[in-house]
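Letters A, B, ... are given to chains in the order of the sequence lines, protein chains preceding strands, and every chain is numbered from 1.
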Amino acid sequence: MSENEKKGGDASAGKPGRALDRRDFLQGLATVPVLGLFGASLLQKIGYDKKRKASKAAPAAAPGPDLNVALLGAGAQGEVLLNAMLKIPGLRFRAVCDIWTEYNLKKTVNLLRKYKFDVNAYEDYRDMLDGEKDLDAVVIATPDFWHARHTIDCLKAGLNVYCEKEMSNSLEDARRMVITARETGKLLQIGHQRRSNPRYLHCYEKIIKEAGMIGRIVTINGQWNRSAQPDLGWPQRYAIPDAQLKKYGYPSMNQFRNWRWFKGLGGGPIVDLGSHQIDIFSWFLDARPVAVTASGGTDYYDPATHEWYDTVMAIYEYQTSQGRVRAYYQTQTTNSSQGYFENFMGDQGTLVISESGSRGSVYREVSAPQWDEWVRRGFVQAPKLVEQKSEEEKAAVLDVRETLSPDEHKLPVEFNDPYHKPHLENFFNAVRGREKLNCPAEVGYETAVCVLKVNEAIEAGRRLEFNPAEFAV
Amino acid sequence: MDEKKLQQWQMIALVGLRVIIGWHFLYEGAAKLLLGNWSAAGFLLQSKWIFAPIFKWMANNSAVLDAVNQLNMWGLTAIGLGLILGCFTRLAALAGIAIIMLYYVCNPPFVGLFYSIPMEGHYMIVNKNLVEVAGLVVIMLFPTGRFAGLDRILHKLSGKK
């Protein structure tokens with residue numbers, strides 16, 4: 001090969017300084033059409049992905065008239081709700097209120113301004129109610145002990161309210177919230193967001209109610225297990241001055257940041273986590289519990305900074321139209337084994353569901369009638385093929401008393417939006433008069449009665465019965 | 001076939017190899033860019049072997065991770081364009097070798113190392129990353145850009161030896 005050929009593969013390629021000829025151009029640009037092919041394929045792929053995404057998304061109804069909205073409480077939970085709301089069309093954010101002005105408030109206002117919302121910032125919610133006269137709704141995500149005052153004052157100011165759960169840390173306050181909602185005629189939705197989750201709605205409406213697939217539910221178990229976590233801190237330069245903390249009911253910056261652990265401010269993990277799932281027990285059973293037994297304590301953390309129980313195990317007894325149901329619930333904050341789920345066990349099948357999309361299956365008991373009809377009607381997916389057993393498993397002797405493991409049918413409903421979005425949408429659509437609330441104040445109140453009783457039962461150290469009158473407001 | 005003709009076909013085949021590897025790089029980059037929220041964190045976190053601490057450090061340091069993500073997405077895209085168009089071909093091939101060797105040593109398919117993200121085939125020491133690197137070494141050593149590629153035009157215009 002000559003010098004030139006080595007460089008360019010043909011005799012004319014490698015002579016620098018010589019004018020470009022036609023051949024240089026053609027060969028120089030020879031691979032450019034590949035980019036055209038690439039671009040066309042890429043566009044096809046993008047179009048395909050878009051179509052698939054659109055077919056999965058629910059048909060979007062027109063949002064209706066814009067609503068003027070305020071966020072009261074812009075901490076971690078407020079941020080979660082706000083991120084979900086930013087995906088809901090037809091909302092106009094007008095105001096944000098948070099007592100941590102240098103951190104939460106600034107951060108949230110900046111975020112909303114980035115989204116081109118003209119929002120006003122407030123430290124005191126009363127100033128917000130005085131200053132904002134054209135609000136339609138307020139979303140409250142403050143600590144539990146503030147819920148009642150915030151909610152009641154907002155309702156009285158003529159606003160519709162979405163209030164995070166737990167409705168309140170005191171039943172007396174929760175009751176006043178229900179009554180004020182009734183008196184003012186304004187809407188009050190409590191943030192048990194699973195009640196609007198399409199996966200949960202499918203389980204309740206189709207699998208349990210319409211098909212009765214799992215038969216008579218006799219036992220339930222649920223849990224939320226979380227890893228050990230250090231207390232929440234704060235950048236020293238953003239610490240709230242003591243006088244300001246005291247004004248809003250916080251003894252210290254640490255209690256402000258970690259209010260969930262302190263009596264008088266929050267309710268501990270059974271309230272923060274358990275409340276969501278115990279709410280589902282009652283919802284799916286269409287019943288209220290008649291008694292609860294519980295054990296719990298601060299077994300791991302320092303009781304001085306963790307007044308509420310880090311470990312709780314509770315057993316509820318329900319009386320349903322079909323008979324007695326025992327429902328076990330545990331929450332622990334020292335180990336995340338198996339995460340969080342609710343498991344409904346009936347005589348014909350088992351329903352395992354979790355807000356996390358990774359769990360959602362129905363298992364048919366081998367003795368139960370076939371589910372072909374429900375598969376055909378799309379209530380559940382076809383069963384997963386039983387995998388070939390390994391040689392070791394085959395060799396293991398099957399005990400005659402053992403029942404065969406049931407088929408697993410996955411839920412057909414996929415849900416990939418932020419968890420709180422459908423519940424917030426339900427609230428805003430109710431404000432527009434198009435839907436009924438999925439978790440009105442009365443329902444949130446019943447759940448608060450169920451859940452707060454657990455802490456009471458732990459303190460009492462015995463089984464406590466519910467008086468049916470306790471659930472009435 | 002006479003020798004010159006053979007050489008021409010050899011060169012065309014190498015250009016084909018270059019374009020195909022370039023396509024792979026370009027789409028890997030473009031797909032990550034289109035995702036919008038792609039991150040190398042998962043890949044880095046499951047790193048095994050002697051360099052694992054470095055990769056895990058990258059994943060756990062948000063500023064570094066962000067830089068790694070950007071470099072990956074734009075680097076893959078740029079290398080892909082360079083290889084397809086035959087533009088700065090050698091530099092593109094060298095950068096491609098470097099980036100893929102990083103992937104390789106991050107999660108090498110050595111006997112006794114197990115990964116939680118399953119691979120799509122069966123590999124022992126040699127995996128497709130290593131095959132692609134070998135392809136890029138060949139591309140780096142042959143001047144395919146000056147045969148068919150923008151390098152041919154650039155080379156002419158620059159007037160340098």
### Task
Can you label the angle between the A:Phe256 ring and the A:Trp100 ring as parallel, tilted or perpendicular, going by 30° and 60°?
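Perpendicular.
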### Query
Judged by atom type as modelled, is there a donor-acceptor pair below 3.5 Å linking the side chain of B:Arg18 to the main-chain atoms of B:Thr144?
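Such a contact is found between B:Arg18 side chain and B:Thr144 backbone.
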### Message
Under a 3.5 Å distance rule, please check whether B:Asn127 uses its side chain to pair with a backbone N or O of B:Leu130 as donor and acceptor.
### Response
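Yes: the side chain of B:Asn127 pairs with the backbone of B:Leu130.
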### Query
Among residues 33-42 of chain A, which ones touch chain B with a heavy-atom distance under 4.5 Å?
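Counting heavy atoms that sit under 4.5 Å from chain B, the residues of residues 33-42 of chain A involved are A:Val34, A:Leu35, A:Leu37, A:Phe38, A:Ser41, A:Leu42.
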### Task
Verify whether the ring centers belonging to B:Trp57 and B:Phe55 lie closer than 6.0 Å.
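Ring centres of B:Phe55 and B:Trp57 not closer than 6.0 Å.
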### Query
By a 4.5 Å heavy-atom criterion (distance strictly below it), what part of B:Phe142 contacts chain A: side chain, backbone, both, or neither?
neither
#### Entry: Contacting moiety of B:Leu34, where chain A heavy atoms sit under 4.5 Å
side chain
### Message
Just to be sure I understand the criterion: a residue of residues 71-90 of chain B counts if one of its heavy atoms is under 4.5 Å from a heavy atom of chain A. Which ones qualify?
### Response
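Residues of residues 71-90 of chain B touching chain A at under 4.5 Å: B:Leu81, B:Ile84, B:Leu85, B:Gly86.
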Less than 4.0 angstrom from a charged side-chain N to a carboxylate O is my criterion; do [X] and [Y] meet it?
| X | Y | result |
| --- | --- | --- |
| A:Glu79 | A:Lys107 | yes |
| B:Lys128 | B:Glu132 | no |
| A:Lys410 | A:Glu408 | yes |
| A:Asp24 | B:Arg152 | yes |

### Query
When you look at CD of A:Gln229, are more than 12 heavy atoms from neighbouring residues, nucleotides or ligands closer to it than 6.0 Å?
yes
### More than 12 heavy atoms of other groups within 6.0 Å of A:Tyr419 OH
yes
